[in-house]
Amino acid sequence: MSPTPQERRAARHQLGTGPDAPAARRGPSGGRKKPITVDAIIASAFGIVEAEGYEALTMRRVAAALETGPSSLYAHVVNKEDLDELLIGRLCAEIELPEPDADRWRQQITGVCTQLRDQYLRYPGISRAAFASAPSNLDTLRVGEGMLAILLAGGIAPQTAAWAIDSLMLYVGAYSLEVSLANRRLARSDEEWVVGRDELLRRFAALPDTFPNSKRYAAELTAGTLHDRFDFTLGLMLDGLG
């Protein structure tokens with residue numbers, strides 16, 4: 001008996017994601033079509049997210065891109081949540097983890113978070129796939145293991161390090177999602193929602209006197225690039241660890 005999708009998923013988590021056995025297909029005209037495999041599903045999903053954003057990603061949409069029906073995908077992927085795990089795992093597989101260094105642990109953690117941010121930003125909104133799920137993909141767990149090793153090498157208590165990793169992952173995901181949403185609006189020329197700094201300063205200046213601090217420190221509230229804020233916030237979070 002062939003393994004069930006759930007058994008295939010369990011095997012991936014034990015052994016790592018690898019190509020499953022491809023089955024030859026023929027198109028409507030009789031020509032050979034690309035086989036349905038886990039790798040083909042992942043590649044098609046990334047293509048959809050890159051072109052249309054994560055909100056456009058559905059099992060039905062992936063099936064259409066592969067010129068098949070959704071039921072064909074379920075022989076390889078359990079459901080949309082399983083696909084999400086595979087996508088995040090594939091991005092995490094690209095992250096280089098340094099050998100933990102007690103003297104450089106802050107820079108090393110910042111470097112890992114920056115790599116994760118850059119992977120998320122390649123595909124608009126894809127960090128949503130990492131929210132509200134306990135990671136079980138080996139490639140994703142590898143990043144958590146590497147971050148834990150860095151923090152422990154830096155003398156951070158195990159419980160503090162464990163919670164810090166969760167907070168850092170959440171921040172990187174939320175930051176990446178916000179940037180992706182802003183970029184999508186800019187691409188649509190949605191000027192009603194995306195405004196420049198000069199317009200923000202004008203709006204702060206027009207606030208009533210019940211907002212004295214917002215008016216007085218408008219320049220500070222609107223200063224810096226998004227990446228400046230990313231680095232600053234990471235610094236604050238790491239300062240809290242010791």
Side-chain angles (χ1 to χ4, degrees), residues 46 49-50 53-55 57 81 84-98 100-186 193-195 197 200 214 217 220-242:
F46 275 136
V49 176
E50 186 174 26
Y54 177 76
E55 64 273 13
L57 182 64
E81 288 71 25
D84 284 344
E85 272 198 287
L86 288 168
L87 296 177
I88 297 301
R90 188 61 59 90
L91 296 181
C92 286
E94 300 295 323
I95 293 176
E96 297 182 4
L97 297 171
D101 184 339
D103 295 327
R104 300 185 62 254
W105 70 270
R106 291 172 184 265
Q107 297 97 310
Q108 290 183 327
I109 282 291
T110 299
V112 172
C113 289
T114 300
Q115 287 185 70
L116 184 59
R117 175 201 69 189
D118 292 344
Q119 288 297 322
Y120 284 160
L121 292 180
R122 292 171 57 194
Y123 301 97
I126 203 167
S127 63
R128 286 176 55 188
F131 290 140
S133 64
S136 55
N137 184 285
L138 292 183
D139 289 319
T140 306
L141 288 170
R142 181 187 70 92
V143 173
E145 171 73 17
M147 293 176 71
L148 183 58
I150 292 170
L151 292 179
L152 293 176
I156 307 303
Q159 185 64 80
T160 301
W163 286 346
I165 291 169
D166 186 50
S167 297
L168 288 167
M169 291 286 201
L170 286 172
Y171 173 67
V172 173
Y175 168 91
S176 301
L177 179 58
E178 181 181 38
V179 173
S180 294
L181 291 173
N183 287 340
R184 297 288 289 179
R185 288 172 174 172
L186 283 170
W193 290 103
V194 180
V195 297
R197 187 175 186 229
L200 286 174
S214 296
Y217 299 108
E220 288 80 2
L221 289 170
T222 59
T225 66
L226 286 172
H227 282 5
D228 289 337
R229 291 168 181 252
F230 178 85
D231 293 339
F232 175 77
T233 303
L234 277 185
L236 285 181
M237 296 175 75
L238 296 178
D239 285 346
L241 297 180

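In this structure, Q115 contributes its side chain and E96 its backbone to a donor-acceptor pair below 3.5 Å. Under the 3.5 Å distance criterion, the side-chain polar atoms of S180 are left unmatched by any main-chain donor or acceptor of P124. The backbone N or O of A223 lies less than 3.5 Å from a partner atom in the side chain of R229, making a donor-acceptor pair. Judged purely by atom type and a 3.5 angstrom limit, R117 has no side-chain atom pairing as donor or acceptor with the backbone of H227.
Side-chain contact between L91 and Y123 is present, with at least one heavy-atom pair separated by less than 4.5 Å. In this structure, W105 and I156 have side chains that are in contact, with non-hydrogen atoms separated by less than 4.5 Å. Contact of the I150 side chain with the P98 side chain is registered, since non-hydrogen atoms from C-beta on lie closer than 4.5 Å. Looking at S176 and Q119, their side chains never come closer than 4.5 Å, going by heavy atoms from C-beta outward. Taking the side chain as every heavy atom from C-beta outward, L57 and L87 approach each other to under 4.5 Å.
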When you look at L177 and Y54, which way does the side-chain contact (heavy atoms from CB on, under 4.5 Å) test go after all the steps? CA-CA 10 Å; L177 179 58; Y54 177 76; over 6 Å; no
Steps toward side-chain contact (heavy atoms from CB on, under 4.5 Å) verdict (R106, D239): CA-CA 9 Å; R106 291 172 184 265; D239 285 346; 2.9 Å; yes
Determine, step by step, whether L241 and I109 satisfy the side-chain contact (heavy atoms from CB on, under 4.5 Å) criterion, reporting the C-alpha distance in whole Å, the side-chain angles of both residues, the deciding distance to 0.1 Å, and the verdict. CA-CA 12 Å; L241 297 180; I109 282 291; over 6 Å; no
Salt bridge (Lys or Arg N to Asp or Glu O under 4.0 Å) between R128 and D84, intermediate numbers included: CA-CA 9 Å; R128 286 176 55 188; D84 284 344; over 6 Å; no
Where do I95 and R142 land on the side-chain contact (heavy atoms from CB on, under 4.5 Å) test, with the steps shown first? CA-CA 9 Å; I95 293 176; R142 181 187 70 92; 4.2 Å; yes
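The two residues G173 and S127 have their closest heavy-atom pair at O-OG, 2.8 Å. What you find for D139 and A93 is that their closest heavy atoms are CG-CB, 3.8 Å. The two residues L151 and A161 make their nearest non-hydrogen contact at CD1-O, 3.7 Å. Between D101 and Q108, the shortest heavy-atom distance links the atoms N-OE1, 3.0 Å.
Under 3.5 Å, the side chains of E85 and S136 contain a donor-acceptor pair of N or O atoms.
The OG1 atom of T233 lies 11.0 Å from the CG atom of L168; values are rounded to the nearest 0.5 Å. The CD atom of Q107 sits 11.5 Å away from the OG1 atom of T114 when rounded to the nearest 0.5 Å. In this structure, the separation between SG on C92 and CG on L138 is 11.5 Å, given to the nearest 0.5 Å. With values rounded to the nearest 0.5 angstrom, L116 atom CG is found 8.0 Å from I88 atom CD1.
The number of heavy atoms from other shown groups lying within 6.0 Å of CD (E178) does not exceed 12. Residue F131 places its CZ atom among more than 12 non-hydrogen atoms of other residues, nucleotides or ligands, all under 6.0 Å distant.
Partners of R197 according to the side-chain hydrogen bond (donor to acceptor under 3.5 Å, both in side chains) rule, which considers only residues two or more places apart in sequence or in another chain, are T222.
Between F230 and Y171, the ring planes are parallel. Angles under 30° get that label, and only those over 60° would be called perpendicular.
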